[in-house]
2 protein chains.
Amino acid sequence: MPHQPTAFRIAIDLAVLTIRDGHLAVLLIERGQPPFEGRVALPGGFVRAGEDLDDTAVRELSEETGLDGRTLHLEQVRTYATPGRDPRGAVASVAYLAIAPDLPMPMAGTDAARARWEPVDHDRLSHGWLAFDHDIILRDALERARAKLEYSPLATAFCAETFTIGELRAVYEAVWQVRLDPRNFHRKVTGVSGFVVPTGAQRNPPTGRPAALYRRGNATLLHPAMLRPDNGRQ
Amino acid sequence: MPHQPTAFRIAIDLAVLTIRDGHLAVLLIERGQPPFEGRVALPGGFVRAGEDLDDTAVRELSEETGLDGRTLHLEQVRTYATPGRDPRGAVASVAYLAIAPDLPMPMAGTDAARARWEPVDHDRLSHGWLAFDHDIILRDALERARAKLEYSPLATAFCAETFTIGELRAVYEAVWQVRLDPRNFHRKVTGVSGFVVPTGAQRNPPTGRPAALYRRGNATLLHPAMLRPDNGRQ
DNA sequence: GCAAAAGTGTTTTGCTTACACCCATGA
DNA sequence: TCATGGGTGTAAGCAAAACACTTTTGC
């Protein structure tokens, strides 16, 4: 056979999302060496011998950001291997989507010093915001997250252990970039079996009536689904 | 740095689906050499230098099965790289889902002689039906196909250029493994804007009233969606 | 009392289901 | 004429959207 398989290095790139100040934010690393030195990029790194892809994702998340991937929602999105996508040669990238609650930023020690949360800039996205082809990777990861909010309880992964319905609504509003009716949202969420369960406790907002606190339920699929407004309008 | 990135070869594995005799079928290859000689596996092959993943998928589809990937629905599903998944060493596999109409089997020439359609065996699936980890890959690809029938016009990719509503219903029934009410299905499909458009022509079934023929519309998302019966029942 | 956020009730509208019923053909 | 699949009508039930209204806090 004349054609030999090419040898690739395989990188994991992480699109780590959270909600900060009511806005969707992504965890970025300022690159300290070429290629793309000084530019911002998704955190990531190479798969090592004997490592499964999920393991690499957890390890890189810890090394580069200080976050514990075992407690976060973490899922594979897709793989990119367009020739020339990495100036260092034949590097395939397996993209992962991670969802984190609004954590204190510390991420002490190690390489995490270069990590920071940045609001997702929908204008600059796909127009040279991030290094490599990370604009495309982030766009695909965002679309995955948006889609999964509809039929899975993924939104609770953006929240702390306990949360109010208003906080959950803020997640949907930030990720979908829409305004939702608080009254209908409340009824819809509490009507989906296994989505959220009341803890009995309450929390006082700065002003206003105290909100009941909830924790994640055990549903893995939402029924009925939380459909995006205007979803599919031609 | 003590840890070097491992070098991988990257394979594309194809889950090519069609409907044959009212049943969901997958295209399999009987392996002619070790490892897993004599066992059946998904068709596939290695990514070559300078090739994008989609290109490899199209090329392998043509070489191993005689099908033209440029005219088929073809989409990436996910990547598998669990250590030890391939006895030949560090081989990552990028799985693709392909959908074909019920084509005449010829697939003349080349390696396609070893290719054959097999009904999807849901019992043996995940219990050592296919070589490598292809049971898992096929299961994931099937789940992708099942999910996409709900919100995308993917079902038309199983049909020829023109088709009847009954044929389209047979696709949903075969992929979802359910019975659907023909009357309600007809109304639902024709009510989704851009899903199917009437050609004006008709076709006579062996017995019964002639059926109107349709072709694919230009919708990329179905609204309202074709929800799976019982979808999400706890 | 006022502002603000939480939460309930009600109406309208649209989709889904179940099923009765009619249509057009081959044998 | 009968069997068979194609296709329409209709009513019940669930879910979504819009919005009036009440509750409970901090100031």
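Lettering of chains follows the sequences in order, A, B, ..., and the numbering in each one begins at 1.
- In this structure, B/I29 and B/V40 have side chains that are not in contact, with every pair of non-hydrogen atoms separated by 4.5 Å or more.
- Direction change of the helix axis from one end of the helix from C/dG1-D/dC27 to C/dA27-D/dT1 to the other is 10°, with five pairs defining each end axis (rounded to 10°).
- Rounding to the nearest 0.5 angstrom, the gap separating the CD atom in B/Q177 from the CZ atom in B/R146 is 6.0 Å.
- Less than 4.0 Å separates DNA chain C from at least one heavy atom of each of the following residues of residues 199-216 of chain B: B/N204, B/P206, B/G208, B/R209, B/P210.
- To the nearest 0.5 Å, atom CZ of residue B/R139 and atom NE2 of residue B/H134 are 13.5 Å apart.
- Qualifying side-chain contact (heavy atoms from CB on, under 4.5 Å) partners for A/A212, counting only residues two or more places apart in sequence or in other chains: A/Y214.
- A/L61 is listed as a side-chain neighbour of A/V16, based on a closest heavy-atom distance under 4.5 Å.
- Remark: A/N204 pairs with A/P210 by the side-chain contact (heavy atoms from CB on, under 4.5 Å) rule, at least two apart or across chains.
- Atom CD1 of A/I136 sits about 9.5 Å away from atom CZ of A/R85, to the nearest 0.5 Å.
- Legend: residues meeting side-chain contact (heavy atoms from CB on, under 4.5 Å) with B/A160, ordered by chain and number and at least two apart, are absent.
- For A/W129, the ring pair (Phe, Tyr, Trp, His ring centres under 6.0 Å) criterion is met by no residue, not counting sequence neighbours.
- Between B/S93 and B/D13, the side chains place a donor N or O and an acceptor N or O closer than 3.5 Å (distance only, hydrogens not considered).
- Checking A/T164 against B/D181, the closest nucleotide of DNA chain C that is more toward the 5' end is the one next to A/T164.
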Start with the C-alpha distance between B/E63 and B/R59, add both sets of side-chain angles, then the distance that settles salt bridge (Lys or Arg N to Asp or Glu O under 4.0 Å), and finish with yes or no.
-> CA-CA 6 Å; B/E63 287 180 8; B/R59 177 175 56 75; 3.3 Å; yes
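- DNA chain D lies under 4.0 Å from at least one heavy atom of each of the following residues of residues 169-178 of chain B: B/R169.
- Heavy atoms only, all atoms of each residue included: A/R228 and A/A147 are closest at NH2-CA, 3.7 Å.
- Shown here are the side-chain contact (heavy atoms from CB on, under 4.5 Å) partners of B/H23, two or more places apart in sequence or in another chain: there are none.
- Between B/N184 and A/R187, it is B/N184 whose nearest contact on DNA chain D lies nearer the 5' terminus.
- Screening residues 153-170 of chain B for side-chain hydrogen bond (donor to acceptor under 3.5 Å, both in side chains) gives B/E167-B/R203 as the qualifying pairs, with residues at least two apart or on separate chains.
- Evaluation of the salt bridge (charged side-chain N to carboxylate O under 4.0 Å, His left out) test over residues 181-197 of chain A, restricted to residues two or more places apart or in two chains, returns A/D181-A/R183.
- In the 5' to 3' direction, nucleotides of DNA chain C lying under 4.0 Å from heavy atoms of chain A begin and end at C/dA3 to C/dT10.
- For DNA chain D, the span of nucleotides reached by chain A at under 4.0 Å from its heavy atoms goes, 5' to 3', from D/dA16 to D/dG26.
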